[in-house]
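A short write-up of the structure that comes next.
As the structure is a computational prediction, the values presented were derived from the model and not from experiment. Naming: A, B, ... by sequence-line order, numbering from 1 per chain. Hydrogens, waters and symmetry mates play no part in the numbers below; they use all other heavy atoms, side chains included.
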Protein chains: 2
Amino acid sequence: MSQTAESTGPRRAPTMADVAKLAGVSHQTVSRVLSDHPNVRDSTRAEVQRAIEQLGYRRNSSARALVTRRTLTLGVVACNPTLFGPASMLFGLEEAARDEGYMVSAVTLRRYTAKALEEAIDHLSDWGVEGIVVMVPHRAAVAALAELRLPFPVVTVEGGHNLPIAGVSVDQDLGARLVTGHLLAGGHRTVWHVAGPSDWLEAEARVQGWRAALEEAGAEVPPPLVGDWTPLSGYRAGQELAGRVAASSARRGAPEVSAVFVANDQMALGVMRAFREAGLSVPGQVAIAGFDDIPEAEFFAPPLTTVRQDFTAVGQASIRMLVSRLESGTTDGDERVVIEPRLIVRSSTTQI
Amino acid sequence: MSQTAESTGPRRAPTMADVAKLAGVSHQTVSRVLSDHPNVRDSTRAEVQRAIEQLGYRRNSSARALVTRRTLTLGVVACNPTLFGPASMLFGLEEAARDEGYMVSAVTLRRYTAKALEEAIDHLSDWGVEGIVVMVPHRAAVAALAELRLPFPVVTVEGGHNLPIAGVSVDQDLGARLVTGHLLAGGHRTVWHVAGPSDWLEAEARVQGWRAALEEAGAEVPPPLVGDWTPLSGYRAGQELAGRVAASSARRGAPEVSAVFVANDQMALGVMRAFREAGLSVPGQVAIAGFDDIPEAEFFAPPLTTVRQDFTAVGQASIRMLVSRLESGTTDGDERVVIEPRLIVRSSTTQI
DNA sequence: AGCGACATTGTTAGCGTTCACAGACATCTA
DNA sequence: TAGATGTCTGTGAACGCTAACAATGTCGCT
């Protein structure tokens with residue numbers, strides 16, 4: 001009259017032993033079936049498979065990780081994933097990781113301090129990640145990272161090239177040279193620049209490329225304005241620049257504003273609004289170029305000349321690098337992969 | 001002459017036993033220190049802490065998960081996280097999860113089929129997530145989800161209200177009514193609509209809200225155009241609409257195009273470009289409104305009237321719901337949290 | 001028949017934690 | 001001083017899996 005064991009309770013997930021008993025084999029045989037070991041008789045394999053299906057069995061990942069010493073999990077520290085760039089990287093990165101058989105756990109940073117970064121990494125370590133990708137192109141953060149000497153491989157994205165950390169990056173300098181060169185070739189005497197926050201490595205590299213391009217062309221280097229990547233900050237910078245356009249004939253000491261390279265597309269949008277409101281035509285009176293090629297850029301008024309970064313490729317490359325380090329057991333070394341950006345010319349810089 | 005055990009090899013991470021030996025206590029005491037158990041003498045605690053520091057010890061999460069049966073990991077299935085909406089939700093969600101002591105693992109969907117969703121969930125299950133948030137507002141996907149009967153709690157985001165699944169959503173219907181009402185109040189005889197893909201629940205709800213608002217106002221309901229959320233598709237729809245504006249006096253059967261409600265901001269951008277190219281002024285000849293309030297919307301030419309969704313709040317609410325279900329052990333029930341959207345009026349709909 | 005090689009299966013011992021329980025010792029009460 | 005209560009600490013057994021090895025059966029060959 002006894003039922004099949006307990007009938008109530010939040011019955012626990014079936015274990016390998018349960019499957020084994022049902023299939024009439026040992027738990028080890030079940031393990032062999034699950035890991036596709038060749039030496040299992042076909043009939044046995046079928047029997048085990050049936051038992052697995054019937055019980056809805058799934059391997060317990062914790063037990064497995066405990067004995068194999070592999071969590072198959074990678075960590076990512078991301079900055080503001082609301083922006084198109086970081087989001088795309090995360091997308092490509094996750095896909096690549098999954099293809100390699102890893103799971104990705106991401107932590108987003110609220111503040112860009114060394115402490116916040118350490119906390120984020122701590123959090124990931126607590127969960128046993130095997131390696132991490134740090135997507136925080138922020139000077140202080142990367143410097144802190146270099147100090148850290150973590151017990152697992154670390155790969156940075158846009159982490160700069162001065163530090164002994166492996167990483168993937170887009171050639172920001174080249175990108176900036178491309179746009180600046182393009183504007184100069186359009187006949188402008190010089191090119192103004194609205195930069196990103198000075199503690200962002202990407203912003204710095206773009207400033208450098210811009211400056212170098214101007215200097216090489218023998219053009220005057222106007223003082224760069226600084227924004228914070230948001231359209232609003234671009235708008236403010238745009239107002240400032242618009243004032244200079246109006247006053248340019250009267251003003252001494254700064255060259256005429258006829259071309260502006262803005263460090264990202266969002267700020268460029270803000271700049272264009274400011275110009276529009278000031279009655280300046282783009283590209284008629286002022287040419288504008290951005291950076292990133294967000295999906296909206298092609299539809300701005302006017303469509304924006306910009307530099308396309310293949311974010312997805314960056315994400316994928318970072319995973320490939322991380323996985324290869326994982327497999328080879330390398331924790332340090334400063335291997336670098338650089339991805340070339342591409343100039344996309346649209347009507348914000350070209351008179352029709 | 002014997003050294004302190006082996007000196008070479010990739011020495012394994014220290015374990016609790018190592019700490020215990022160094023501190024001269026049992027492993028259990030170490031465990032107690034780590035979990036802040038009160039009954040540990042202060043001097044012992046200090047000793048253990050020192051040993052932990054010295055060895056750089058970290059608790060092994062797999063072993064811990066194995067015995068406690070808690071992985072403290074939540075899964076997320078996201079659709080295209082490159083878009084502002086999904087990305088923001090992911091952001092808010094991760095932050096909320098971290099505050100609750102959970103780790104988040106995200107999987108992004110490449111295709112929106114039932115099979116792809118099942119694979120994604122399988123992937124997450126393999127890693128032992130305790131519950132998942134499904135952010136795929138796609139009809140087929142959500143329907144498949146309802147069939148699945150998973151052994152852990154599931155919360156949907158924008159999952160529609162016809163199915164017996166718990167979830168969080170923004171009141172899309174209300175949002176659409178707000179914009180449509182706003183446009184009608186602006187004196188337009190009717191409002192055209194550029195919808196999202198028909199198999200997206202959000203798109204459908206917006207169509208419904210728009211239609212209802214028109215019908216309640218006794219306005220004619222023009223046939224909705226359909227896009228795929230991208231600026232390009234909006235551009236195409238815009239060209240179509242621009243054609244109608246030009247031909248409107250001559251054409252029979254469809255009302256005049258003087259106001260358009262576009263189902264998201266990106267498409268609205270495309271529509272505006274098409275209108276600009278057709279020489280139509282916005283809002284002079286045609287008023288346009290979008291949906292989402294992406295950060296760029298305020299800086300479009302002209303700034304776009306739209307509906308703001310608090311994506312971050314949605315992400316947070318979904319985690320709260322998931323965690324509460326986790327704690328109460330609920331797997332089913334169709335609890336719903338609805339978040340109200342807000343109309344943001346800008347100059348794309350208001351004559352100055 | 002006897003032996004080796006191979007295929008197939010089972011047995012045992014961890015992996016590094018936490019939990020339940022059992023000691024040891026100190027302190028308080030009668 | 002005996003007993004009862006606490007406080008602190010240690011011991012042993014899980015948790016569910018894989019790895020190493022041992023045990024069986026099967027086949028072919030001499």
Is there a donor-acceptor pair closer than 3.5 Å between any side-chain N or O of A:D18 and the backbone N or O of A:T15?
yes
Write down the distance between CE (A:M16) and P (D:dA19), rounded to a whole number of angstrom.
10 Å
Contact class for B:T44 (heavy atom, under 4.0 Å): base, sugar-phosphate, or nothing?
sugar-phosphate
Under a 3.5 Å distance rule, please check whether B:E130 uses its side chain to pair with a backbone N or O of B:L72 as donor and acceptor.
yes
What does A:S26 touch in the nucleic acid at a heavy-atom separation under 4.0 angstrom: a base, only the sugar-phosphate, or nothing?
base
Going by the side chain to side chain donor-acceptor pair (under 3.5 Å) test, which pairs reach into residues 94-110 of chain B, not counting sequence neighbours?
A:E94-B:T108, A:E95-B:R110, A:D99-B:R110, A:S105-B:S105, A:T108-B:E94, A:R110-B:E95, A:R110-B:D99, B:R70-B:Y102, B:E94-B:R98
Working to the nearest 0.5 angstrom, can you tell me the gap between B:S318 OG and B:M135 CE?
8.0 Å
Lys/Arg N to Asp/Glu carboxylate O, B:R58 vs A:D122, below 4.0 Å
yes
Please tell me if A:T68 has a side-chain N or O lying less than 4.0 Å from either OP1 or OP2 of D:dT18.
no
Using five base pairs at each end to define the local axes, how bent is the helix from C:dA1-D:dT30 to C:dA30-D:dT1, to the nearest 10°?
50°
For a 4.0 angstrom threshold against heavy atoms of chain B, report the outermost contacting nucleotides of DNA chain C in 5' to 3' order.
C:dG16 to C:dA20
Main-chain N/O of A:H37 paired to A:S35 side chain as donor or acceptor, under 3.5 Å:
no
N/O donor-acceptor pair under 3.5 Å between B:S125 side chain and B:I121 backbone
yes
Give me the atom names and distance for the closest heavy-atom approach of A:V19 to A:I52.
CG1-CG1, 3.7 Å
Where the side chain of B:T312 meets the backbone of B:F91, is there a donor-acceptor pair that is under 3.5 Å apart?
no
Using a strict heavy-atom distance below 4.0 Å, which residues from residues 55-62 of chain A are in contact with DNA chain C?
none
Strictly below 4.0 Å: does A:R69 bring a side-chain N or O up to OP1 or OP2 of D:dT18?
no
Measure the CZ-CZ distance between B:R64 and B:R59 for me, rounded to the nearest 0.5 Å.
3.5 Å
Name the residue closer to the 5' end of DNA chain D, choosing between B:V25 and A:T15 according to the nucleotide with the nearest heavy atom.
B:V25
Whole angstroms only, please: what is the NE2-C1' distance between B:H37 and D:dT9?
10 Å
Looking at A:R50 and A:E47, does any basic side-chain N land under 4.0 Å from a carboxylate oxygen?
yes
Give, for atom CZ of A:R32 and atom OG1 of A:T44, the distance between the pair rounded to the nearest 0.5 Å.
10.5 Å
Which parts of nucleotides 20-26 of chain D does protein reach within less than 4.0 Å, heavy atoms only, written one letter per nucleotide 5' to 3' as B for base, S for sugar-phosphate only and - for none?
B------
B:D334: partners by side-chain hydrogen bond (donor to acceptor under 3.5 Å, both in side chains), with sequence neighbours left out:
none
